[in-house]
Amino acid sequence: MLSRPRGTRDMLPDEMEQRREIEARMRAKARTWGYREVSTPTFEELELFTIRSGEGIIDEMYVFEDKGGRSLALRPELTAPVLRTFVNEGRSLTKPIKWCYYADCYRYERPQKGRYRQFWQFGIELIGADSAMADAEVMMVADELLRTSGVTFVMKIGHLSFMRTLLKDLPAEDQKKVRSFLDKRDTDAASAFLSETGRENLADPLQQLISARTLDEVFTVIGEIPEADRIRETFRILDSQGIQYEINPAIARGLDYYTGVVFECFAEGLGAENQILGGGAYRLAHLFGGEDTPSVGFAIGFDRVMVALGEKIWMPFQPHVTVVFTPEARDRAVAVSHELRARGIICSIDLMGRGFSAQMKNAGKSADYVVIIGEEEVKSGKATLKNMKGGEQQTLSLDEVITSLTAQ
RNA sequence: GCCUGGGUGGGGUAAUGGUUAUCCUAAGGGAUUGUGGUUCCCUCGAUCUGGGUUCGAUUCCCGGUCCAGGCCCCA
């Protein structure tokens, strides 16, 4: 027997309905902020991703050559494709551009809890705005999208200027190393690295900085930097709206193209893979041949949100109806089921050639209500509505049946 | 790429170097041709895969694979 590829999942209807519910809530929220959905190809030129993240990621991607000899890759994330789309198609659009997306991505990695080779991301990109309001808005959208899903999380916010100021005398390579230690929450290794490279004088300030939890503490360590006003303004906006967050200067997001604010959200109960959202301010458009354009965005690890939510997803109740009929009433029963569906009622009818009793038995397993159409109902033009939970039933006109079912 | 632990019907399980591999559940059918869920009966259905040891392997050994968790990585 064939099985599915490693790191992929099959999703049955119960799970899909839950995913669609959460996805719909996120989309609806993003739309209320004015973020409109875009879609990009499942595969792209390999170069799009190596420009963004370096050659090292080739090993972690699904890379292939097509019949024309092009090097292609299944998208491992969506920020680069969306920014490429902006460069290709979006130059003449009014700024700021506010886009959102929900799509599957592919990475060739070892599967773990909450980590699969095909996974889904929901994200937004705010392109062409460069302000405290822009930074704050994107974080507020992040907060609201996670909140609407029902997941319990904490948001941690940092800013690259903190670490950049502290480490400004180090060569770029060494700065990157320190950032990457911090990204792994390995502060001891970061301190050790500073000592090895003859910068032990920075070890203490580094410790102070990464344990700072207020802006005042941060600026006490690194001084009043030029970005300070904008950063204070950003947090004032968040505070004014009651957004919950933690300042954490260790949030460094190991990548070079981030330029300003960076933030990550974490959920409980997810083991090693507990980050459910990551984002920040960045500049990418110029790498893809466009104008240098400031952007802010984030991506939600949708599957991890679903794992974190577990069973606690509230689903709207929609009654399932089965039309049960006797052989001579079949055509009327089909017509009745059409009418119920036309009113948006979920309605099934026997397709197995079962007898009346067997139809009832089957309906007892899957339906909330049964609508009975037999000889009597055909004659009277009525229908019998039976509640399968309580067992009570009454014969009504079809309109009354519909009213009763849609009043739920 | 590395480490640890697992893999018995669709789901959950029992047992065993040896005769027909246990039980529960689900599914399908029937008892019951206009009234289901309870009950009873019947049916279907499994030792992940390849190799080795052995008279005989589902059991023991090795490789692979898949699953769970961790490391690396995490755009």
Side-chain angles (χ1 to χ4, degrees), chain A residues 1-10 12 14 44 46 48-61 73-83 105-117 119 121 123 180 183-186 252-258 262 264 270-280 282 284 287 297-299 301 304 307 322-329 333 350 352-379 383-395:
Chain A
M1 188 167 60
L2 292 172
S3 55
R4 61 178 183 273
R6 183 166 166 71
T8 63
R9 291 157 294 159
D10 298 316
L12 297 178
D14 284 347
E44 295 269 2
L46 172 61
L48 176 64
F49 302 111
T50 54
I51 284 178
R52 182 198 191 207
S53 310
E55 299 284 325
I57 60 160
I58 291 178
D59 289 342
E60 321 229 299
M61 285 195 291
L74 297 185
R75 61 181 170 218
E77 51 94 30
L78 282 149
T79 300
V82 168
L83 266 286
C105 303
Y106 303 83
R107 294 182 190 177
Y108 195 85
E109 296 180 298
R110 187 95 163 81
Q112 292 176 39
K113 188 181 180 70
R115 175 190 275 192
Y116 306 98
R117 289 181 171 181
F119 59 96
Q121 287 192 337
S180 110
D183 209 29
K184 289 171 215 162
R185 281 89 182 132
D186 194 346
R253 306 212 37 92
L255 285 173
D256 291 333
Y257 59 83
Y258 282 103
V262 285
E264 299 178 348
L270 280 180
E273 305 288 330
N274 65 340
Q275 190 189 326
I276 55 172
L277 180 149
Y282 60 91
L284 269 183
L287 296 178
F298 65 80
R304 292 184 188 175
V307 172
T322 296
V323 173
V324 171
F325 61 96
T326 55
E328 71 275 12
D350 174 58
M352 305 285 280
R354 290 185 166 112
F356 187 93
S357 183
Q359 289 182 44
M360 284 300 291
K361 184 173 183 175
N362 210 256
K365 295 174 191 168
S366 57
D368 302 299
Y369 292 89
V370 158
V371 170
I372 297 167
I373 304 294
E375 197 182 349
E376 291 166 24
E377 286 82 1
V378 171
K379 273 189 202 144
T384 299
L385 178 65
K386 179 179 175 103
N387 181 334
M388 296 302 273
K389 295 270 171 357
E392 70 278 6
Q393 68 180 54
Q394 52 186 144
T395 300

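Because only heavy atoms are used, hydrogens play no part in the values below, and waters and symmetry mates are left out as well, while side chains stay in. Proteins come first, then strands; the chains are lettered A, B, ... in the order of their sequence lines, and each starts at number 1.
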Which atom of Y258(A) lies closest to which atom of G279(A), heavy atoms considered
CE2-C, 4.0 Å
Rounded distance in Å between the C1' positions of G10(B) and A27(B):
8 Å
In whole Å, what separates the P atom of U8(B) from that of C48(B)?
6 Å
Only pairs with both distances under 3.5 Å count, Watson-Crick or wobble alike; so what is the partner of U33(B) in this structure?
none
Interatomic distance at C1', G56(B) relative to U19(B), whole Å
12 Å
Grab the CG-C1' distance between L287(A) and A75(B) for me, whole Å please.
13 Å
Tell which nucleotide pairs with A27(B), taking only Watson-Crick or G-U wobble pairs whose two distances are both under 3.5 angstrom.
U43(B)
P atoms of U39(B) and G45(B), separation to the nearest Å:
25 Å
Pairs involving residues 362-375 of chain A, ordered by first then second residue, that meet salt bridge (charged side-chain N to carboxylate O under 4.0 Å, His left out) (sequence neighbours left out)
D368(A)-K389(A), E375(A)-K379(A)
Can you check each nucleotide of nucleotides 34-45 of chain B against protein heavy atoms at under 4.0 Å and return B for base, S for sugar-phosphate only, - for none, in 5' to 3' order?
BBBB--------
Partners meeting side chain to side chain contact (heavy atoms under 4.5 Å, CB included) with T79(A) (sequence neighbours left out)
R52(A), E77(A), L83(A), Y101(A), E125(A), Y282(A), L284(A)
Non-neighbouring partners of N274(A) that pass side chain to side chain contact (heavy atoms under 4.5 Å, CB included), sequence neighbours left out:
F266(A), L270(A)
Paired nucleotide for G9(B) [Watson-Crick or G-U wobble; both distances under 3.5 Å]
none
Could you check whether any side-chain N or O of E55(A) sits under 3.5 Å from a backbone N or O of T50(A), counting only pairs where one atom can act as donor and the other as acceptor?
no
Please give, in whole Å, the distance from C74(B) C1' to L277(A) CG?
15 Å
Taking the six-membered ring of F119(A) as reference, does the cationic atom of R107(A) (NZ for Lys, CZ for Arg) lie under 6.0 Å from its centre and within 45° of its axis?
no
Which atom of E44(A) lies closest to which atom of F49(A), heavy atoms considered
CB-CE1, 3.6 Å
When rounded to the nearest Å, what value does the distance between P atoms of G36(B) and U49(B) take?
44 Å
Can you tell me how far C1' of A75(B) sits from CD of Q121(A), to the nearest Å?
9 Å
Looking only at atom P, what distance separates G11(B) and C72(B), rounded to whole Å?
34 Å
Mind calculating the distance between CG (L74(A)) and P (A75(B)) to the nearest angstrom?
19 Å
Pair E377(A), T395(A): side-chain N/O donor-acceptor within cut-off below 3.5 Å:
no
Could you measure between the two C1' atoms, the one in G18(B) and the one in G5(B), and give it in whole Å?
30 Å
May I ask you to check whether over 12 heavy atoms, not counting those of F356(A), lie within 6.0 Å of atom CZ?
yes
A46(B) versus G9(B) - spacing of their P atoms, nearest Å
9 Å
Which part of the nucleic acid does R9(A) contact within heavy-atom distance under 4.0 Å: base, sugar-phosphate only, or nothing?
nothing
Tell me, for nucleotides 66-73 of chain B in 5' to 3' order, what letter each nucleotide earns: B for a base near a protein heavy atom under 4.0 Å, S for only sugar-phosphate near one, - for neither?
SSBBBBBB
List the residues meeting salt bridge (Lys or Arg N to Asp or Glu O under 4.0 Å) with R9(A), not counting sequence neighbours, and say none if there are none.
D303(A)
Taken to the nearest whole Å, CD/E264(A) to P/C74(B) is 12 Å
